[in-house]
Amino acid sequence: MKAWVTSIGEPTTDLCVWSLERQGFDVELVKGGDRLSDKLEYIYNEAKDTFLRVDADTIVNRKVKLLELTDNTWWVQPQTFDWWKQDVTYGGVQLIGKKALPALRRNIADHLDAERPETEMS
């Protein structure tokens, strides 16, 4: 499965990528730029199948492979430990289903300037 890592240069970026690769994911690092929405637009347009989107400050463990989509679920977001916040929170890892891609592609342009585009999209 493909995993897209979004980074603004966090010191944990390399560790995040390594943690996904050792789990068997095909990882693409999307970095640079100031806006998460630009990175999301790129990911949504490039994704071909169900994928993970991971913030670069999240280090996954083997439990990431337990995430699954049910028949009527398009998007799963588990609780994760956020290194920046030093706390357990929602965010960091999202399993986004292939069924969600047409809606994401169709609507991302409406949210490019949102403060939290992914929240708006979901």
Side-chain angles (χ1 to χ4, degrees):
M1 178 184 298
K2 183 88 172 196
W4 303 82
V5 174
T6 53
S7 175
I8 56 170
E10 295 91 339
T12 52
T13 299
D14 291 341
L15 185 55
C16 174
V17 169
W18 173 81
S19 69
L20 288 159
E21 288 175 342
R22 72 174 231 200
Q23 299 294 327
F25 290 95
D26 173 25
V27 180
E28 182 170 335
L29 178 60
V30 182
K31 61 182 181 176
D34 294 328
R35 298 185 333 164
L36 175 61
S37 57
D38 294 332
K39 294 173 188 155
L40 295 177
E41 184 176 38
Y42 171 77
I43 292 168
Y44 298 160
N45 285 324
E46 294 296 315
K48 305 287 186 251
D49 206 348
T50 297
F51 64 95
L52 280 180
R53 205 224 21 109
V54 182
D55 292 331
D57 60 354
T58 304
I59 314 305
V60 301
N61 63 21
R62 69 192 186 305
K63 291 185 179 182
V64 73
K65 295 180 106 180
L66 299 176
L67 294 175
E68 63 180 331
L69 299 170
T70 60
D71 289 339
N72 60 354
T73 306
W74 288 12
W75 191 311
V76 173
Q77 187 171 10
Q79 286 189 314
T80 58
F81 183 79
D82 186 312
W83 285 94
W84 179 256
K85 295 174 186 167
Q86 289 292 298
D87 201 359
V88 174
T89 181
Y90 285 100
V93 176
Q94 293 135 33
L95 177 63
I96 301 173
K98 184 177 182 177
K99 291 180 184 180
L101 288 172
L104 293 171
R105 290 174 182 143
R106 189 172 51 250
N107 294 302
I108 186 65
D110 295 338
H111 302 284
L112 289 176
D113 294 317
E115 183 178 336
R116 298 191 53 103
E118 199 160 62
T119 301
E120 296 288 324
M121 293 295 292
S122 63

Any side-chain heavy-atom pair from [X] and [Y] closer than 4.5 angstrom?
X: Asp55; Y: Thr6; answer: yes
X: Trp4; Y: Tyr44; answer: no
X: Leu69; Y: Lys99; answer: no
X: Thr50; Y: Met1; answer: yes
X: Arg53; Y: Leu40; answer: yes

### Task
Following the transitive rule for hydrophobic clusters with a side-chain heavy-atom cut-off under 4.5 Å over Ile, Leu, Val, Met, Phe, Trp and Tyr, establish whether Ile43 and Trp75 coincide in one cluster.
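Yes.
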### Query
How far does CG of Leu101 sit from CD1 of Ile96, to the nearest 0.5 angstrom?
8.0 Å
### Query
What heavy-atom pair brings Gln77 and Gln94 nearest, and what distance separates the two atoms?
NE2-NE2, 3.3 Å
### Query
Where the side chain of Ser7 meets the backbone of Gly9, is there a donor-acceptor pair that is under 3.5 Å apart?
yes
#### Entry: Candidate pair Ile8 and Lys39, rule side chain to side chain contact (heavy atoms under 4.5 Å, CB included), full reasoning
CA-CA 10 Å; Ile8 56 170; Lys39 294 173 188 155; 3.4 Å; yes
### Message
Pair Leu67, Leu52 - check side chain to side chain contact (heavy atoms under 4.5 Å, CB included), show working.
### Response
CA-CA 10 Å; Leu67 294 175; Leu52 280 180; 4.2 Å; yes
Pairs of donor and acceptor atoms involving the side chains of residues 14-30, under 3.5 Å and at least two apart or interchain, shall be tabulated with distances.
| residue | atom | partner | partner atom | Å |
| --- | --- | --- | --- | --- |
| Ser19 | OG | Leu15 | O | 3.4 |
| Ser19 | OG | Cys16 | O | 2.8 |
| Ser19 | OG | Val60 | N | 3.3 |
| Glu28 | OE1 | Lys2 | NZ | 3.1 |
| Glu28 | OE2 | Tyr42 | OH | 2.7 |

